[in-house]
Amino acid sequence: MNKIYYLASCDTCRKIIKTLPNADKLTYIDIRQNPISEADLAEMYKLSGSYEALFSKKAQLYKSMDLKNKNLTEDDYKKYLLEHYTFLSRPVIILNNEIYIGNTQPNILKLTKAMTSV
């Protein structure tokens with residue numbers, strides 16, 4: 001299943017979704033309304049190979065909890081990702097068994113190209 005994990009209240013997520021070709025072919029999962037399950041996270045981990053790759057170090061909680069001064073392990077990243085939705089680097093799109101994480105320009109360009117053939 002092709003899906004997007006995003007925040008409906010996130011301007012960046014909404015902007016990206018607007019620009020994607022065939023965006024109507026994705027299943028939308030608002031992570032505030034539907035928190036990430038262990039099964040969802042396991043699928044993301046399998047495709048990305050790392051919990052850290054899924055983790056947003058720009059999250060307000062990351063700063064307020066002073067996590068940058070701690071040596072976080074993969075288990076720590078997993079725990080935080082399951083604890084609070086803001087730790088997910090968004091959006092996360094799973095498309096034809098490929099994962100696209102975050103909103104960097106190169107990532108969005110690759111995703112846009114991949115979405116044209118969905």
Side-chain angles (χ1 to χ4, degrees):
M1 178 191 323
N2 295 330
K3 48 193 161 185
I4 180 170
Y5 296 89
Y6 75 111
L7 268 179
S9 61
C10 171
D11 289 337
T12 303
C13 288
R14 288 196 307 259
K15 187 175 96 178
I16 290 167
I17 289 166
K18 259 187 188 173
T19 65
L20 289 177
N22 300 315
D24 59 324
K25 304 250 169 83
L26 295 170
T27 300
Y28 288 78
I29 302 160
D30 182 347
I31 57 176
R32 179 178 286 148
Q33 303 301 321
N34 301 296
I36 300 164
S37 69
E38 290 226 24
D40 292 335
L41 191 57
E43 179 185 20
M44 291 180 210
Y45 176 79
K46 183 179 163 196
L47 294 170
S48 69
S50 163
Y51 292 114
E52 185 176 5
L54 297 162
F55 192 87
S56 172
K57 293 181 179 171
K58 296 178 184 173
Q60 298 266 338
L61 275 178
Y62 180 74
K63 294 173 178 115
S64 68
M65 294 171 72
D66 197 34
L67 295 178
K68 71 177 179 180
N69 292 317
K70 297 186 174 144
N71 286 328
L72 298 178
T73 65
E74 281 290 290
D75 286 339
D76 293 327
Y77 289 119
K78 178 182 179 183
K79 177 182 83 110
Y80 288 121
L81 285 163
L82 289 170
E83 267 179 23
H84 205 278
Y85 65 87
T86 59
F87 287 122
L88 185 68
S89 185
R90 342 173 262 284
V92 171
I93 297 98
I94 297 175
L95 185 68
N96 300 327
N97 289 319
E98 291 283 329
I99 192 165
Y100 302 86
I101 304 165
N103 58 28
T104 64
Q105 191 168 8
N107 187 52
I108 298 307
L109 289 172
K110 278 180 21 187
L111 172 63
T112 302
K113 187 176 181 189
M115 288 290 296
T116 59
S117 61
V118 173

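Keep in mind that what you see is a predicted model, and the values were worked out from it rather than measured.
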Hydrophobic cluster identity match, Leu47 and Val118, side-chain contacts under 4.5 Å: no
Look at the rings of Phe55 and Tyr62 and say which category their plane angle falls in: under 30° parallel, 30 to 60° tilted, over 60° perpendicular. perpendicular
What's the spacing between Met115 CE and Ile93 CD1 if we round to 0.5 Å? 8.0 Å
Joint cluster assignment, Leu72 & Leu81, ILVMFWY side-chain distance < 4.5 Å: yes
Quick check on Asn69: does its CG atom have over 12 non-hydrogen neighbours (other residues, nucleotides or ligands) under 6.0 Å away? yes
Give a yes or no on whether Ile101 and Ile108 share a hydrophobic cluster (residues Ile, Leu, Val, Met, Phe, Trp, Tyr; joining criterion: side-chain heavy atoms under 4.5 Å apart). no
Would a 4.5 Å heavy-atom cut-off, applied to side chains only, mark Glu43 and Lys3 as touching? yes
Residue pairs, two or more places apart or on separate chains, that pass salt bridge (charged side-chain N to carboxylate O under 4.0 Å, His left out) and touch residues 10-19: Asp11-Arg14
Tell me, do Leu26 and Leu95 make a side-chain contact under 4.5 Å, heavy atoms counted? yes
When rounded to the nearest 0.5 Å, the distance separating NZ of Lys46 from CD1 of Ile99 is 11.5 Å
Rounded to the nearest 0.5 Å, what's the gap from CG on Asn2 to CD1 on Ile94? Could you check? 9.0 Å
Please report the interatomic distance NE2(His84) to CD1(Ile31), rounded to the nearest 0.5 Å. 9.5 Å
Would you please say whether a donor-acceptor pair under 3.5 Å links the side chains of Tyr85 and Arg32? yes
When hydrophobic residues are tied together by side-chain contacts of less than 4.5 Å, even through go-betweens, does Val92 share a cluster with Ile17? no
Donor-acceptor pair, side chain of Lys63 and main chain of Lys58, under 3.5 angstrom: yes
Let me see the working for Met44 and Ile36 under side-chain contact (heavy atoms from CB on, under 4.5 Å), right down to the final yes or no. CA-CA 10 Å; Met44 291 180 210; Ile36 300 164; 4.3 Å; yes
Return the orientation label for the Tyr6 and Tyr28 ring planes: parallel under 30°, perpendicular over 60°, tilted otherwise. perpendicular
Glu74 (side chain) donor-acceptor with Glu52 (main chain) under 3.5 angstrom: yes
From OG1 (Thr86) to CG (Leu61), nearest 0.5 Å: 4.0 Å
When rounded to the nearest 0.5 angstrom, what distance separates CG in Leu82 from CG in Leu41? 5.0 Å
side-chain hydrogen bond (donor to acceptor under 3.5 Å, both in side chains) partners of residues 96-118, not counting sequence neighbours, each pair once: none
